[in-house]
Amino acid sequence: MKRSKIRMLLQSPHPQDLVLVKGWVRTRRDSKGFSFIEINDGSCLKNIQVIAQSSLPHYDDIQKLTTGSAVAISGALVASQGKGQLWEIQASDVTIISLAPESYPLQKKRHSDEFLRTIAHLRPRTNKYGAVFRIRSELSYAIHRFFRDRGFYYIHSPIITGSDCEGAGEMFRVTTLNPGDRLPDGHAFDASRDFFGRETGLTVSGQLSAEMFALALGDVYTFGPTFRAENSNTRRHAAEFWMIEPEMAFCNLSENMDMGETFIRYLIDHALHNCSEDMELFAKFVDPSLMATLDHILTSEFVRLPYREAVDILSAAGRSFEYPVRFGTDLQSEHEKYLTEIHFKRPVILYDYPKSIKPFYMRVNDDRQTVAAMDILAPGIGEIVGGSQREERLDILEARMDELGMNRADYEWYLDSRRYGSVPHSGFGMGFERLIMMITGITNIRDVIPFPRTPGNIEF
RNA sequence: UCCCCAGUAGCUCAGUCGGUAGAGCAAGUGGCUGUUAACCACUGGGUCCGCGGUUCGAGUCCGUGCUGGGGAGCCA
């Protein structure tokens with residue numbers, strides 16, 4: 001007999017004479033003549049309540065079932081006599097697949113996030129983490145659907161890369177050389193003897209690849225793992241995270257901002273409509289203002305604010321910031337917080353940043369001082385999207401690279417796209433984990449990724 | 001990398017003025033019960049993060065290291 005998912009059984013429109021469920025015991029309570037067993041199989045947040053009568057064979061074993069044990073239950077799906085649930089199973093057979101010993105770390109109580117991080121291999125068995133990772137899965141699907149519905153193609157940009165100048169941070173080194181090979185006879189590490197014959201790293205961005213494909217397929221996106229070897233110790237940073245990077249041909253900065261805003265709204269809306277039960281958990285236990293916040297983002301226009309005007313607003317704020325605000329410096333966390341959480345109280349898209357603080361590929365504006373960059377800042381999260389219109393003019397791009405001391409020879413393939421059929425195009429990157437943080441109200445990135453990688457932490 | 005805070009039972013924590021350690025939950029045993037974070041009683045459970053120092057005496061004070069958390073920088 002095929003097992004039924006608990007999610008389906010709890011939605012059943014009618015009783016069923018015989019069903020089979022397999023899952024893990026969340027809790028068990030004895031009553032006179034029978035035992036209540038709550039089973040969870042991960043298909044949804046809710047457990048299903050099983051009634052095991054004392055007349056069942058091996059009832060003494062059933063009474064020893066502990067939290068975390070695995071069981072197969074067959075029986076009848078009937079209307080519950082008790083309050084609190086519509087359906088329950090009157091068991092005709094309880095098969096113990098495996099018994100969890102008393103050392104099972106997860107108890108029938110709330111655990112701290114810090115403790116659960118130390119048992120990241122077991123935490124998906126809890127209500128909260130089960131919910132996060134169901135939502136994460138659903139949002140992944142929604143991302144593909146969003147782009148597919150709009151005629152975008154999904155590009156698999158390389159994970160291993162030789163371009164060290166994607167401009168987005170320190171790279172992890174990829175090598176097949178053994179540590180002992182690196183210093184033969186006291187000589188330094190020799191990349192020309194390595195697997196690829198040159199220094200190689202893990203990708204920090206799929207953007208440059210995506211640009212090449214946008215200039216062929218029109219509208220494309222990447223969605224994959226991204227690696228940053230920065231020694232960042234904050235609740236918003238991980239060394240390995242997932243990023244979504246759409247890239248659109250014949251698209252200017254304004255249309256790029258439209259896409260970013262539409263995209264964020266779509267994903268929030270999708271989570272609310274397709275993960276309502278899991279979302280309620282976060283609204284109830286993690287962030288009581290979550291639903292109001294998400295509703296606000298859905299219904300209010302994002303503020304669009306040139307960098308220069310942001311500087312003016314901050315200068316006129318009448319408060320002293322730890323870091324002074326002036327044109328030519330990047331805005332600090334405290335400034336972003338002021339704009340999104342105090343001044344506007346909604347997401348803000350900042351654009352037209354000073355050229356001096358942005359990478360080579362961003363399109364230089366007519367004022368020659370700013371570039372067509374845009375960052376979407378969300379209240380409580382900070383930067384969730386960073387993007388730009390790309391510099392499509394070969395001469396200006398080359399001049400920028402020279403200005404920044406880059407070796408053009410390393411980018412001949414990239415410059416070819418500006419030599420042959422160059423067109424205005426734009427794109428952005430969105431941190432998937434930061435999106436999940438915004439949607440669930442979870443405040444630490446380590447709690448929205450299955451096995452987080454951060455400086456000094458590679459367990460699991 | 002810098003600044004701040006914390007580390008006591010399996011988990012969450014309390015521990016006063018420096019005088020050899022406590023609660024709730026969990027676990028075990030028994031009782032009660034269509035229960036649902038079940039309830040009641042009893043029982044077991046400690047390298048007070050490590051190392052060094054001050055002191056007659058350190059969970060408590062000092063130094064140092066480790067681990068965790070928060071903030072900053074960097075960024076998505």
Side-chain angles (χ1 to χ4, degrees), chain A residues 26-39 46-53 64 66-68 78-85 88 90 100-119 126-127 166-170 203-207 225-245 260 285 321-323 329-337 357-359 375-378 381-387 428-438 443-449 454-457 459:
Chain A
R26 278 295 175 80
T27 176
R28 192 184 54 78
R29 295 174 290 274
D30 284 328
S31 191
K32 194 182 178 85
F34 57 94
S35 190
F36 295 101
I37 314 170
E38 284 198 40
I39 310 294
K46 286 202 172 81
N47 307 323
I48 196 160
Q49 177 165 285
V50 173
I51 314 297
Q53 299 289 347
K64 286 180 190 143
T66 49
T67 300
V78 299
S80 177
Q81 296 172 31
K83 288 174 182 166
Q85 60 279 319
E88 64 190 19
Q90 283 286 348
E102 63 181 83
S103 57
Y104 186 60
L106 292 171
Q107 300 169 1
K108 294 182 286 187
K109 54 166 282 191
R110 290 186 76 172
H111 289 289
S112 66
D113 291 324
E114 290 81 5
F115 171 68
L116 291 171
R117 249 170 249 155
T118 69
I119 50 167
T126 64
N127 288 338
E166 291 165 0
E170 290 295 310
T203 184
V204 294
S205 165
Q207 180 196 317
T226 309
F227 308 88
R228 303 276 167 89
E230 302 285 359
N231 188 17
S232 297
N233 288 286
T234 82
R235 60 186 178 83
R236 300 183 307 281
H237 290 86
E240 177 183 285
F241 62 99
W242 284 60
M243 190 154 67
I244 304 118
E245 296 179 285
F285 297 114
F321 293 106
E322 193 184 335
Y323 293 85
T329 61
D330 217 346
L331 298 187
Q332 307 295 314
S333 288
E334 56 178 340
H335 307 140
E336 296 179 353
K337 281 194 179 112
I357 58 171
K358 290 294 182 183
D375 285 354
I376 303 184
L377 310 178
I381 303 289
E383 184 179 341
I384 191 165
V385 160
F428 60 81
M430 180 169 82
F432 188 39
E433 283 75 19
R434 289 189 183 174
L435 173 86
I436 300 169
M437 290 168 73
M438 184 179 77
T443 54
N444 194 313
I445 198 168
R446 301 177 189 93
D447 297 335
V448 300
I449 191 164
T454 53
N457 187 351
E459 210 181 342

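Atom set for the values below is all heavy atoms of this structure, side chains included, hydrogens, waters and symmetry mates excluded. So you know, we letter chains A, B, ... as the sequences are listed, proteins then strands, and number each from 1. None of the values given here were measured: they were computed from a predicted structure.
Candidate nucleotides B:A72, B:C11, B:A76 were compared by shortest atom distance to the side chain of A:Ser333, and B:A72 ranks first. Of all nucleotides listed (B:C11, B:G73, B:U35), B:U35 comes nearest to the side chain of A:Phe36. Side-chain proximity of A:Phe115 to the nucleotides B:G68, B:C11, B:G73 is greatest for B:C11. Of the candidate nucleotides B:C25, B:A27, B:U33, B:U33 has the atom nearest to the side chain of A:Lys32.
A salt bridge between A:Arg434 and A:Glu383 is absent, with no side-chain N of the basic residue lying under 4.0 Å from a carboxylate O of the acidic one.
Heavy atoms of A:Glu240 sit nowhere under 4.0 angstrom from any nucleic acid atom. Note on A:Asn47: nothing from the nucleic acid sits closer than 4.0 angstrom, heavy atoms only. As judged by a 4.0 angstrom heavy-atom cut-off over every strand, A:Gln107 is placed among the base-contacting residues.
Judged by distance alone, the side chain of A:Ser232 and the main-chain N or O of A:Thr234 form no donor-acceptor pair under 3.5 Å.
Across B:U35 and B:A72, the matching P atoms stand 50 Å from one another, rounded to whole Å. B:U64 and B:G24 have their C1' atoms separated by 35 Å, given to the nearest Å. B:G15 and B:G7: their P atoms are spaced 10 Å apart (whole Å).
A:Leu116 places its CG atom 15 Å from the C1' atom of B:G69, with the value rounded to the nearest Å. Atom pair A:Asp30:CG and B:C32:P shows a separation of 12 Å (rounding to whole Å applied). Rounded to whole Å, atom P of B:C75 lies 15 Å from atom CD of A:Glu245.
Within the structure, every side-chain polar atom (N or O) of A:Ser232 is placed at least 4.0 Å from both OP1 and OP2 of B:C75. At least one side-chain nitrogen or oxygen of A:Arg235 sits closer than 4.0 Å to the OP1 or OP2 atom of B:G71.
Ring-base stacking between A:Phe241 and B:A76 is satisfied, the centre separation being under 5.5 Å and the plane angle under 30°.
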- [ ] Show your reasoning for whether side chain to side chain contact (heavy atoms under 4.5 Å, CB included) applies to A:Thr67 and A:Leu106.
- [x] CA-CA 8 Å; A:Thr67 300; A:Leu106 292 171; 5.7 Å; no

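Using a 30° and 60° split on the angle between ring planes, A:Phe36 and A:Phe34 fall in the perpendicular class, above 60°.
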TODO: At under 4.0 Å between heavy atoms, which parts of nucleotides 42-49 of chain B does protein reach? Answer with one letter per nucleotide, 5' to 3': B base, S sugar-phosphate only, - none.
DONE: --------

